[in-house]
There are 2 protein chains.
Amino acid sequence: MSYPREQSIQQATEVFWLKGYLGTGMRDLQTALDKRPGSIYSAFGSKEGLYLEVLNHYTGVLHGQIMAVANSDTPLQQLREFLRFPLTVEDSAAHKIQCLIVKTQADWAELPEGVKSELQAALAHLREAFQAVILKARSTGELAADIPVERAAMWVQGQFIAMRTLATSVESPASLSWMVDKIVSDLSGEWTQ
Amino acid sequence: MSYPREQSIQQATEVFWLKGYLGTGMRDLQTALDKRPGSIYSAFGSKEGLYLEVLNHYTGVLHGQIMAVANSDTPLQQLREFLRFPLTVEDSAAHKIQCLIVKTQADWAELPEGVKSELQAALAHLREAFQAVILKARSTGELAADIPVERAAMWVQGQFIAMRTLATSVESPASLSWMVDKIVSDLSGEWTQ
DNA sequence: TAATTATTTGAACGATCGCTCAAATTTAAC
DNA sequence: GTTAAATTTGAGCGATCGTTCAAATAATTA
């Protein structure tokens, strides 16, 4: 049950991903969901409430993907494929290259308090998943035993952000796949304490 | 002459940096510049016109800083200090941790065409400066002779973005200085063609 | 000082913003 | 089939958006 609610969240995700939190108007959402304002407000309370559900759903999916990487037998190989994925979206969905969380975070000073705290929580939650990947790769021997786990997790998150941000400003995102290789390679590089 | 114009641009930079392009209202600018709308419009034409001057000024300063790194005798050492700088801003200016260009770029789909093209140009311009740093470091022997210059320049730009983005979501940005060391270290790492 | 030009002022315009709520409609319960 | 509850509708609210322009003021020239 409550199927149309899930559908509304997916349609709203499209809009927020394309236009950002500030850039998205209630009228954009009304069009995308094909619902009148009253329906949206009775279902989600406010624009912020709808966005928070979108963010929660988005983060959950992404977290699941990263945990699947962590739970595989060859986490480092799987991480490579995970990182490459955003570079393969078709032109018509170019807005999906950038991470929705990072995109929203750029408007920081103008965001409602509830959105700010949930963004922080989402980033921390995903960082935990990256940490699980590092830990697993260490246990399989794909990474050295003395790798600083927390730093490496944050670093991977940073690389994820860097690659996707650069990819949005380049003609052909797929041409950046060398960056994926360098990320995996640098993971085994120097980690001076 | 035209001193107050320069001053207006600096004050407007503060506001755009803090609130982003979409998040900044003409009334915010009127307050910051202590000017009435007519004055601003006669001087800059529009909100977009004022932003473009801000962007141009900002890019010029940043470009100059990177070229100074390139023109030093120890470019790699200077690059380290350049990268560390955004991590040292005081709490009261936390918005300056993130790069103004990257911040604006996040609102991509909602930006006027003129702003979009100037943002692309600014990123390309700064990439050229990073390229000059790589070239110089290669000539001083700080970097290997076979480093792929264009890719390395883009990669450094990506690391610059990653570090500053992560730094905005962390309690103490200065605690990320290990990331600067890793960037410099990874520059000498693997660059598989 | 008087005349001319350049700049600044600020009330106000039309458009859009997030959001409300009484009324209409659909769904569920008996 | 009737009634009650839940959901949807959409006109429209007050606030704010970027912008305009006739009038007032300041700066320059004669």
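Sequence lines set the chain letters: A, B, ... in the order given, protein chains first and strands last, and positions in each chain run from 1.
Using modelled atom types, one finds a donor on one side chain and an acceptor on the other under 3.5 Å when comparing B:Tyr51 with B:Thr104. Under 3.5 Å, the side chains of A:Glu142 and A:Thr74 contain no donor-acceptor pair of N or O atoms. In this model, a donor atom of one side chain and an acceptor atom of the other lie less than 3.5 Å apart for A:Gln159 and B:Gln159.
Annotation: proximity of residues 39-55 of chain B to DNA chain C (heavy atom, distance under 4.0 Å) is found for B:Ser39, B:Ser42, numbered in ascending order.
In the set C:dG18, D:dG10, D:dT8, D:dG10 carries the atom at the smallest distance from any side-chain atom of A:Pro37.
Distance CZ (B:Arg5) to P (C:dA6): 16 Å, rounded to an integer number of Å. Put simply, CG on A:Asp28 is 15 Å from C1' on C:dC19, counting in whole angstrom units. Computed from coordinates, the B:Leu22 CG to D:dG18 C1' distance equals 13 Å when rounded to whole Å. A:Arg27 places its CZ atom 14 Å from the P atom of D:dG12, with the value rounded to the nearest Å. Put simply, CD on B:Gln30 is 12 Å from C1' on C:dA11, counting in whole angstrom units. Between the CG atom of B:Leu29 and the C1' atom of D:dT16 there is a distance of 15 Å, rounded to whole Å. Computed from coordinates, the A:Lys19 NZ to C:dT16 P distance equals 12 Å when rounded to whole Å. Rounded to a whole Å, the CD atom of B:Glu110 is 15 Å from the C1' atom of D:dG18.
Residues A:Glu48 and A:Tyr21 meet the side-chain proximity criterion, which asks for heavy atoms closer than 4.5 Å.
Listed pair B:Arg36 / C:dT8 fails the phosphate criterion, with no side-chain N or O lying under 4.0 Å from OP1 or OP2.
A ring-ring contact (aromatic ring centres under 6.0 Å, His included) with A:Trp155 holds for exactly one of A:Trp191, A:Phe130, A:Phe160; it is A:Trp191.
A:Glu14 and A:Lys19 are not joined by a salt bridge, as no carboxylate oxygen comes within less than 4.0 angstrom of a charged side-chain nitrogen. The existence of a salt bridge linking A:Arg84 and A:Asp181 is confirmed by a sub-4.0 Å separation between a basic side-chain nitrogen and an acidic carboxylate oxygen. Salt bridge annotation for A:Glu150-A:Arg127: absent, with no cationic side-chain nitrogen under 4.0 angstrom from a carboxylate oxygen.
Put simply, the side chain of A:Lys35 never gets that close to the backbone of A:Ser8: no donor and acceptor are under 3.5 Å apart.
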**Request:** For DNA chain D, just give me the dot-bracket, please: Watson-Crick or G-U, both distances below 3.5 Å, ( ) intra-strand, [ ] crossing earlier pairs, | paired with another strand, . unpaired.
**Result:** .|.|||||||||||||||||||||||||||
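When heavy atoms are screened at a 4.0 angstrom cut-off, A:Gly25 is found touching the sugar-phosphate backbone but no base atom.
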